Amino acid sequence: MDEQRFYITTAIDYPNSRPHIGTAFEKIGADVQARFRRMEGAHVHFLMGNDENTHKVTLRARELGLEAKPYVDDMARQFQEVWRALEISNDDFIQTSEERHHAGCRKFIQAVYDAGDIYKGVYAGHYCVGCESFKTEKDVAEGGGRCPNHPNAELTWLEEDIYYFRLSAYRDRLLAHYAAHPDFIQPESRRNEIISLVETELRDVAITRKGFAWGIRVPFDEDHTIYVWFDALLNYVTAVGYGTDEERFARTWPADVHVIGKDITRFHCALWPAMLMSAGLPLPKKVFGHGFVYRKNEETGEAEKLSKSLGNVVEPMELIEKFSAEAFRYYFMSQCPFGGDGEFSFERFADAYNSGLANNLGNLYSRILTMCLKYFQGDLGSVEGLDLTAWRRGLDLPALIEDVRAKVGEFDYTAALQRIWLEVVDSANKYIQETQPFKLAKTDPEATRVVLANLADWMRTVAILIKPFLPQTSETFYGAFDFGDGRPWEAVSYASAATPIASGSFRVTAPIVDGKPAPLFPKVEAR
RNA sequence: UCCGGGGUAGCUCAGCGGUAGAGCGGUCGGCUCAUAACCGACUGGACGCAGGUUCGAGCCCUGCCCCCGGAACCA
């Protein structure tokens, strides 16, 4: 049998500072996709990592009195700690200082060199002795003609030998590829940007630097190290065996989707495909450039970019501790369109949490289970022959699920969650209001039992629909009754979501404290 | 300056050719199983400005104003 594979990656991060909520946004968005694809039955490989071969890393390490390698290893540990806390289900985490990456990079650059796409040229620019690196025009402008980090030192104009990649030669092939694969760049707006960029100006890029000890040596000229993007982008192939395990590489590559920030779209959609073409490798199927999270300034109401200088950076751990990882995931996936930009403020976060999680999901969990305990001691008995679709009368659940499935598959998470909450979650509150099981219980136990069995099925359905987004809550919901005996939680899929469990009996298996289910999402003060 | 995105209810946004929508907020009423949660009703908008195309325009075209982002080491 040909097993369906799905290889998904995120951008690798600079370990100069700890990850913030914007970085986390990307990882969660990718994680939802990975979890969704696993539910769809694909064999998923989900890669993340850190981009460590930069000069800045060595500077930062030196500041802390460390060697580069121990420093990046510690940062990688810290990053992964955050990712684990956010329930990111990556299968691998590559550090570009690892040998597997170095080996793959050397092989790759040699292949491109052999293909005739690398030539020696001269790089001229403003060089800062303090930083031991060239400064961009932007840096120089910011520093008022001097290096922003060393305002007391003069910049020197320096020219040095450097290797260039012949990116400009790939203009037509890139445009042809975009035309032949309309889905290659997502979302649409990003695609248009790249096409016009490639049409108008595609320059050759500098890909090596001279005189650095940290980084990857260029095999055909050992005085040089591979520079920035040429190195970083290669993590996608080196992590799955390029240059070290060709059999595995052939099995895994090409990636199905690279999930990246909109700012680096050009490198992934122009430079990267050109590099792959040159090396004779297949291109990734899709690049998804997600939007940014801005911080809403609660005093001015302005949306600001997250930055250290504005002092508005929020660390994921802060929110995880105050709320929970699930709340964190819920907020960003439901409030910030993945393809566009989103906004964050503590107030909005608390509002969304209280409304979506505490008042709706969490409260429903409590009220349903409480009634089952109160009226039936938690044992609803056999569901044989019961109509468990009453709760969703007026709802075309199979059609809705198909739509949600399509939306999740194309990263339209806000819309998918909106439908789940607006139509599926709400339906339970309305169903309870209509059937009034708390009144029925006094007069008609059997009718009450049917209503509660329906609500149990609602919990099963919701558990499946939210699984990619809120894995923990999903498991809790699914485990609230003994559904898992018949259909294991690990094996549920959207395809099975609309089919009730029609045999056996329903029994409350949720943890009970003092005769009551513990609140899943305690309400918080919105301040 | 150039490129891109956007300006729709108090807030966040959907709608992209056919009688202005949702969530949150606010007001009133109902219910009591539940995390003062839930249900219902109501409230609330010259869809940035000015022209144009069309039987008909937030939705298409033109011009203008304003906001945001980018312009090749930034998630």
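Excluded from the calculations below are hydrogen atoms, water molecules and symmetry mates; all remaining heavy atoms, backbone and side chain alike, are included. Chain A is the first sequence line, chain B the second, and so forth, proteins listed ahead of strands; every chain is numbered from 1. Computed from a predicted structure; not experimentally measured.
- A distance of about 7 Å separates the C1' atoms of B:C49 and B:C65, rounded to the whole Å.
- A:Lys430 comes within contact range of the sugar-phosphate backbone alone, with a heavy-atom separation under 4.0 Å but no base atom that close.
- Taking the C1' atoms as reference points, B:G70 lies 32 Å from B:C24, given to the whole Å.
- The interatomic distance linking A:Gln433 (CD) with B:C38 (P) rounds to 11 Å, in whole Å.
- Taking atom CZ on A:Phe344 and atom P on B:A75, their separation rounds to 19 Å, with Å as the unit.
- Taking atom CG of residue A:Leu357 and atom P of nucleotide B:C24, one finds them 13 Å apart after rounding to whole Å.
- Comparing B:A72, B:U35, B:C33 by their closest approach to the side chain of A:Ser366 singles out B:U35.
- Taking atom P in both B:C61 and B:C67, the straight-line distance is 24 Å, to the nearest Å.
- Across all strands shown, nothing is found opposite B:A37 as a Watson-Crick or G-U wobble partner with both distances under 3.5 Å.
- In summary, A:Arg449 and A:Asp379 do not engage in a salt bridge, as defined by a charged side-chain N under 4.0 Å from a carboxylate O.
- Here the separation of B:G6 from B:G15, taken at their P atoms, is 10 Å to the nearest Å.
- Positionally, the nearest nucleotide of RNA chain B for A:Ala518 lies more toward the 5' end than for the other of A:Ala518 and A:Gly261.
- For A:His290 and A:Tyr413, the gap between ring centers reaches or exceeds 6.0 Å.
- Nearest nucleotide to the A:Asn359 side chain, out of B:A34, B:U32, B:C38: B:C38.
- A:Lys516 has no side-chain polar atom (N or O) that falls below the 4.0 Å cut-off from OP1 or OP2 of B:C33.
- Counting any heavy atom pair closer than 4.0 Å across all strands shown, A:Tyr365 reaches no nucleic acid atom.
- Spacing between B:C3 and B:G63 at atom P, rounded to whole Å, works out to 12 Å.
- Distance check on atom P: B:A9 versus B:A20 gives 15 Å, rounded to whole Å.
- Heavy atoms of A:Val205 sit nowhere under 4.0 angstrom from any nucleic acid atom.
- The aromatic ring centroids of A:Tyr353 and A:Phe349 lie 6.0 Å or more from each other.
- One side chain, A:Thr9 or A:His258, offers a donor N or O that lies under 3.5 Å from an acceptor on the other.
- When distances run from any side-chain atom of A:Arg203 to the nucleotides B:U35, B:A72, B:C31, the shortest one goes to B:A72.
- Here A:Trp229 and A:Phe267 bring their ring centres to under 6.0 angstrom of each other.
- Of all nucleotides present, only B:C68 satisfies the Watson-Crick or G-U wobble test against B:G4, with each distance under 3.5 Å.
- To the nearest angstrom, C1' of B:A34 lies 14 Å from CD of A:Gln436.
- Anti is the classification of B:A9, since its glycosidic angle lies more than 90° from 0.
- As judged by a 4.0 angstrom heavy-atom cut-off over every strand, A:Phe25 is placed among residues making no nucleic acid contact.
- Checking B:C33, B:G4, B:U32 against the side-chain heavy atoms of A:Glu193 singles out B:G4 as nearest.
- The side chain of A:Lys374 approaches B:A34 more closely than any other nucleotide in the set B:C39, B:A75, B:A34.
- The separation of B:U27 from B:G44, taken at their P atoms, amounts to 15 Å, rounded to a whole angstrom.
- With hydrogens and angles left out, the side chain of A:Asn363 and the base of B:A34 share a donor-acceptor pair within 3.5 Å.
- The phosphate of B:G4 (OP1 or OP2) has no side-chain N or O of A:Lys262 nearer than 4.0 angstrom.
- At a threshold of 4.0 angstrom between heavy atoms, the contacts of A:Leu364 with the nucleic acid are absent.
- As judged by a 4.0 angstrom heavy-atom cut-off over every strand, A:Lys27 is placed among residues making no nucleic acid contact.
- Remark: B:A50 base-pairs with B:U62; criterion is Watson-Crick or G-U wobble with both hydrogen-bond distances under 3.5 Å.
- Aromatic rings from A:Phe344 and A:Phe346 are positioned such that their centres are separated by under 6.0 Å.
- A:Gln78 and A:Arg18 share a side-chain donor-acceptor pair at under 3.5 Å.
- Under the Watson-Crick and G-U wobble criteria, each requiring two contacts below 3.5 Å, nucleotide B:U19 is left unpaired.
- Among the heavy atoms of the strands, none lies under 4.0 Å from A:Arg190.
- You'll find that the side chain of A:Arg348 is closest to B:U12, out of B:C31, B:A75, B:U12.
- A residue-by-residue look at A:Arg266 and A:His290 shows that A:Arg266 has its nearest nucleotide of RNA chain B further toward the 5' end.
- Among the atoms of the strands shown, only primed sugar atoms or phosphate atoms (P, OP1, OP2) are found under 4.0 Å from some heavy atom of A:Leu422.
- When each of B:A75, B:C33, B:A22 is scored by its nearest atom to the side-chain atoms of A:Gln418, the top-ranked nucleotide is B:A22.
- What separates CG of A:Asn429 from P of B:C33 is a distance of 15 Å, to the nearest Å.
- A centroid separation of less than 6.0 Å is found between the aromatic rings of A:Phe338 and A:Phe288.
- Taking the syn range as angles within 90° of 0, the glycosidic angle of B:G58 is syn.
- Here B:G45 sits opposite no nucleotide as a Watson-Crick or G-U wobble pair (both hydrogen-bonding atom distances under 3.5 Å).
- Atom C1' of B:G48 sits at a distance of 6 Å from the matching atom of B:G7, rounded to the whole Å.
- If you measure from atom CD of A:Gln335 to atom P of B:A14, you get 12 Å, rounded to the nearest angstrom.
- When each of B:C31, B:A75, B:A34 is scored by its nearest atom to the side-chain atoms of A:Ala11, the top-ranked nucleotide is B:A75.
- A:Asp31 and A:Ser89 form a side-chain donor-acceptor contact under 3.5 Å, judged by distance and modelled atom types alone.
- Heavy atoms of A:Trp421 sit nowhere under 4.0 angstrom from any nucleic acid atom.
- In this structure, A:Arg367 places its CZ atom 5 Å from C1' of B:C38, rounding to the nearest Å.
- As rounded to whole Å, 20 Å separates atom P of B:G5 from atom CZ of A:Phe338.
- Residue-level contact check: A:Ser355 touches the backbone only, with heavy atoms under 4.0 Å from sugar-phosphate atoms and none from bases.
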